[in-house]
K.L.:
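Dropping a structure here in structure tokens format, bear with me for questions.
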Amino acid sequence: MKKRYQILGMIILIICSIIYDYQKPEAIEEETIEMSYVTLEGEFNVTGNYEFEGELTIGELIDKVGVSDEANLDVLDMDKKVEDESRIYLPPQNNNAISLNSATLEELMTLSGVGEKTAQKIIDYREVTPFECLEDIMNISGIGEKTYLNLRESLCL
């Protein structure tokens, strides 16, 4: 009888051991921090690629990196979210800058490489969607990155 209990106990122990070994382990959740970056150009105190985690507005980004005394903050929408892998250019103050949101056809035509048709496209675009940043000018057909880079110091919002 004692031997039976010992054998029965061993069988129960083996069964419990097998069941315990085959339990699915709990998934270990690793906390991953997503890093984003933005390329800063112009009058920022930090230029080049800037890494950040989470979400930032342009105003929060400026608070973190700082800007020079010559920075023209009027060209940036401080409440706009910073997009991952984007480029932000902050030009120096320029009293002769032409406003994308309020310039006349004649004023826009004074920009290098902008003729009457392109100036009219800019006006038509802003009537539907006001410019939120200087880079929005690249949404105009005929204005690519190269033209934007040539014009950006002469523009403001």
K.L.:
If you draw a 6.0 Å radius around CD in E83, do more than 12 non-hydrogen atoms from other residues or ligands fall strictly inside?
P.N.:
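No, because the 6.0 Å sphere around CD of E83 holds 12 heavy atoms or fewer from other groups.
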K.L.:
Would you tell me whether Y148 and E135 have side-chain atoms, one donor and one acceptor, within less than 3.5 Å of each other?
P.N.:
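E135 and Y148 do have a side-chain donor-acceptor pair below 3.5 Å.
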K.L.:
Going hydrophobic residue to hydrophobic residue with side-chain gaps under 4.5 angstrom, can you get from Y37 over to F52?
P.N.:
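No; F52 is not reachable from Y37 via cluster members.
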K.L.:
Kindly say whether A71 contributes a backbone atom to a donor-acceptor pair with the side chain of Q93 at under 3.5 angstrom?
P.N.:
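Here the side-chain-to-backbone pair exists.
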K.L.:
Answer yes or no: is there an ion pair linking K81 with E60, defined by an N-O contact shorter than 4.0 Å?
P.N.:
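Between E60 and K81 there is no salt bridge, as every charged N stays at least 4.0 Å from the carboxylate O atoms.
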K.L.:
Quick one, F44 with I88, criterion side chain to side chain contact (heavy atoms under 4.5 Å, CB included). Give me CA distance, side-chain angles, the key distance, then yes/no.
P.N.:
CA-CA 10 Å; F44 290 101; I88 301 174; 3.7 Å; yes
K.L.:
Taking all atoms of both residues into account, what is the closest heavy-atom pair of N72 and C156, and its distance?
P.N.:
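Result for this residue pair: ND2-CB, 4.2 Å.
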K.L.:
Between E43 and S68, do the side chains contain an N or O donor and an N or O acceptor separated by less than 3.5 Å?
P.N.:
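On atom types as modelled, these side chains qualify, holding a pair under 3.5 Å.
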K.L.:
Should the heavy atoms of other residues, nucleotides or ligands under 6.0 Å from CD of E107 be counted, would the total exceed 12?
P.N.:
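Yes, because the 6.0 Å sphere around CD of E107 holds more than 12 heavy atoms from other groups.
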K.L.:
Are R87 and E145 close enough, and set up right, to give a salt bridge (Lys or Arg N to Asp or Glu O under 4.0 Å), and what steps lead you there?
P.N.:
CA-CA 11 Å; R87 180 188 320 181; E145 186 171 358; 2.6 Å; yes
K.L.:
Should the heavy atoms of other residues, nucleotides or ligands under 6.0 Å from CG of D69 be counted, would the total exceed 12?
P.N.:
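No.
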K.L.:
Above 12 or not: heavy atoms from other molecules or residues under 6.0 Å from CD of E55?
P.N.:
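No - once you tally the heavy atoms of other residues, nucleotides and ligands closer than 6.0 Å, there are 12 at most.
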K.L.:
Should V38 and E85 be marked as a side chain to side chain contact (heavy atoms under 4.5 Å, CB included) after you check the CA-CA gap, both sets of side-chain angles, and the distance that decides it?
P.N.:
CA-CA 5 Å; V38 63; E85 299 182 20; over 6 Å; no
K.L.:
Decide if the gap between the ring center of Y125 and the ring center of F131 is smaller than 6.0 angstrom.
P.N.:
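Yes, ring centres under 6.0 Å apart.
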K.L.:
Testing the 3.5 Å rule here: is there a donor-acceptor pair between the side chains of K80 and T57?
P.N.:
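Their side chains do not contain a donor-acceptor pair, so the 3.5 Å distance test is not met.
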